[in-house]
Amino acid sequence: MSDPKTANLKYTFPKSERLHSKKLIQELFDKGSSFYLYPFKVIFLTQADHEQNEVLISVSKRKFKNAVTRNLLKRKVKEAYRLNKNLLTTESQTFPKALIGYIYTGNDILPYQTIEAKLKKSLLRLKKELTELSNKDQS
RNA sequence: GGGGCAAGCCAUCUUAUCGCCCCGACUUGUCGGGGAGGAAAGUCCGGGCACCAUAGGGAAGCAUAGCGGCUAACGGCCGUCUUUCAGUUUCGAUUGAAAAGGACAAGUGCAACAGAAAGAAUGUACAGGUUAAGCUGUAGUGAAACCAGGUAAACUCUAUGCGGUGAAAUGCCAUGUAAGCCUACGCUUGAGGGUUCCCGUCCGAUGUAGGUGGGUGGGCAGAUUGAUUGCGGUAGCAAUGCCGUGACUAGAUAAAUGAUAAGAACGCUCCAACUUGUUGGGGUAUGACAGAACCCGGCUUAUCGGCUUGCUUUUUUA
RNA sequence: GCACCCGUAGCUCAACUGGAUAGAGUACCAGAUUUCGGCUCUGGGGGUUGAGGGUUCGACUCCUUCCGGGUGCG
């Protein structure tokens, strides 16, 4: 991790980038702000003292009763995030890191290509929101 | 060759790039190895294991129910008897399927409608019979009136089994509900504490309850080699046991197996050719049910398709 | 992961310890009343009692296997 730029360029998604602490999840849902972009609901909360973004991906049991389809969707979203997270990390080193929650709210099992396209869109939107937030803090 | 039924087995494969979880090695970020199911599901039964101060007796409760066997155990499995249903029949039987299949000759309850009568009831008609008489038979109603009546997936009785709670159990480390103060009760002649209830047993006062004050929600063990399983032999009708010899086959914890691309094979579907069920080409696209959560043995339910064996039926040929 | 409860007309509830056509209110439809509408009155339709199997002469009720919905446990 001596060179953060090359490290961030890697298309990896290790455990440290996944949100797994119960306490932080609770905080995210209580205080975080959110927007909808079909098929996702995106929740985010800035964390100044964090080294990297932490991401949570969730699929509702109410909408998808089958554990297999839930797993499938989670994997597809995970994969899409892994390949496109550089949209967030590379250029924008200035604003603070955040907790991000992706809730899959769609009713259908979408193919990977559309999921990826939508996720790219949502990342760009998220980037915009975060920069606005950091600008507000500075001013 | 086609169809049907039953039993058993399998549950697409290969390569490349990027990535996830665990283990090992060292040069500490690289390499090597491993990585979901037959039901992992439902949680319907039975265990292992752990804790509950002790885990004994009785009552209550729950479960099982021909007989015998297997098993760690079972409500499971195997064998067998009986009953019922279906097929065949040379009327002797035989084949297959199903069955919560103890007791109403202990007691209590229940039985709509119909019927004279549904439980100390005996009517009517006809026939028989008698000194006389529901004394005998038949008819009619009904699920039951065959009289020691029917009904126990009605209470109940009999026999057998079960103490309770479940890995959110439990132990250790870290953290520290601490310490202190106030109030009430109690003092070895036994308070309080188990539990569905009672008795017995057991523990034995720095105790119990409330208030004030003040947090964590992490890690390790439990936890993956076991009533495990392949093959061979052996005992047994079988379930299954025993012996020998191999194999190691996930250990995650907001929860790991994926994505993309190419090919093979199996499907599905369209077109063409004729030899009429094959060949060639195109399209679709990995197909069903479905994701381990302490671990096993069963049961039940879901399931695209393929293979093997046996039985049966039909067609063709002789 | 474990333990437990509930499913009856579109909705809210009844139906005794098995006994027959499963009954109310509301909503819906039609008629009466009104110039029209509402209110009111009368009548009507609507149920495989969550699904399948079993016990029984007979099942909403008893037993069993699924399906759906909900609750509790750190």
Side-chain angles (χ1 to χ4, degrees):
Chain A
M1 288 290 179
S2 55
D3 190 354
K5 203 153 190 181
T6 52
N8 283 336
L9 269 173
K10 286 198 171 179
Y11 299 106
T12 61
F13 189 38
K15 204 168 173 180
S16 54
E17 285 186 41
R18 274 177 272 159
L19 179 54
H20 57 271
S21 159
K22 268 189 187 176
K23 206 172 177 180
L24 289 177
I25 291 163
Q26 198 58 46
E27 217 176 309
L28 172 64
F29 277 91
D30 288 347
K31 301 180 191 168
S33 35
S34 68
F35 62 87
Y36 286 89
L37 197 151
Y38 182 84
F40 305 111
K41 179 190 182 185
V42 183
I43 309 180
F44 59 96
L45 181 67
T46 52
Q47 290 281 309
D49 55 338
H50 274 58
E51 292 266 320
Q52 53 203 341
N53 293 330
E54 290 192 19
V55 181
L56 162 83
I57 294 160
S58 172
V59 181
S60 168
K61 194 173 185 179
R62 199 169 283 270
K63 298 211 169 183
F64 299 96
K65 289 206 159 286
N66 237 320
V68 175
T69 56
R70 277 206 304 281
N71 256 340
L72 181 73
L73 285 170
K74 274 155 82 176
R75 281 167 183 161
K76 282 183 175 176
V77 175
K78 221 184 282 180
E79 187 72 8
Y81 176 82
R82 180 174 73 81
L83 294 174
N84 295 293
K85 64 172 183 176
N86 294 331
L87 291 175
L88 265 185
T89 48
T90 46
E91 306 165 25
S92 48
Q93 299 289 335
T94 50
F95 59 78
K97 301 298 179 186
L99 306 177
I100 308 168
Y102 270 94
I103 318 283
Y104 191 93
T105 54
N107 289 319
D108 309 312
I109 304 165
L110 298 170
Y112 174 75
Q113 279 79 9
T114 51
I115 288 181
E116 190 176 18
K118 292 284 183 178
L119 193 121
K120 273 185 186 170
K121 249 184 170 174
S122 74
L123 280 175
L124 292 174
R125 169 98 179 262
L126 188 62
K127 191 176 165 186
K128 201 174 125 198
E129 299 254 356
L130 285 175
T131 39
E132 277 176 11
L133 260 180
S134 59
N135 288 344
K136 256 184 211 171
D137 289 346
Q138 285 168 10
S139 64

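The chains referred to below are lettered A, B, ... by the order of the sequence lines, with proteins before strands, and numbering in each begins at 1.
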(request) Report yes or no: is there a donor-acceptor pair, N or O only, under 3.5 Å between the side chain of A/R75 and the base of B/G19? (result) no
(request) Name the residue closer to the 5' end of RNA chain B, choosing between A/V55 and A/L72 according to the nucleotide with the nearest heavy atom. (result) A/V55
(request) Quick one: pull up CG in A/N71 and NZ in A/K78 and give me the separation to the nearest 0.5 Å. (result) 7.5 Å
(request) Determine, for A/R125 against A/E129, whether the closest basic-nitrogen to carboxylate-oxygen distance falls under 4.0 angstrom. (result) yes
(message) Between A/V55 and A/E17, does the side chain to side chain contact (heavy atoms under 4.5 Å, CB included) criterion hold? Intermediate values first, please.
(response) CA-CA 6 Å; A/V55 181; A/E17 285 186 41; 5.9 Å; no
(request) For B/G305 versus B/U234, give the span between their C1' atoms, rounded off to a whole number of Å. (result) 40 Å
(request) Please tell me which of the listed nucleotides, B/U260, B/G291, B/C20, lies nearest to the side chain of A/Y112? (result) B/U260
(message) Strictly distance-based, threshold 3.5 Å: is any side-chain N or O of A/R70 a donor or acceptor partner for the main-chain N or O of A/F64?
(response) yes
(request) Using a 4.0 Å heavy-atom cut-off across all strands, classify A/N66 as base, sugar-phosphate, or nothing. (result) sugar-phosphate
(message) Quick check on RNA chain B: between A/F13 and A/K76, whose nearest nucleotide comes earlier from the 5' end?
(response) A/F13
(message) Between A/E79 and A/K76, does any NZ, NE, NH1 or NH2 come within less than 4.0 Å of an OD or OE carboxylate oxygen?
(response) no
(request) Between B/A36, B/U260, B/A259, spot the one nearest the side chain of A/N71, thanks. (result) B/A36
(request) Go through B/G291, B/U260, B/C18 for me and flag the one nearest to the A/R82 side chain. (result) B/C18
(message) Which residues in residues 116-125 of chain A have a heavy atom closer than 4.0 Å to any atom of RNA chain B?
(response) none
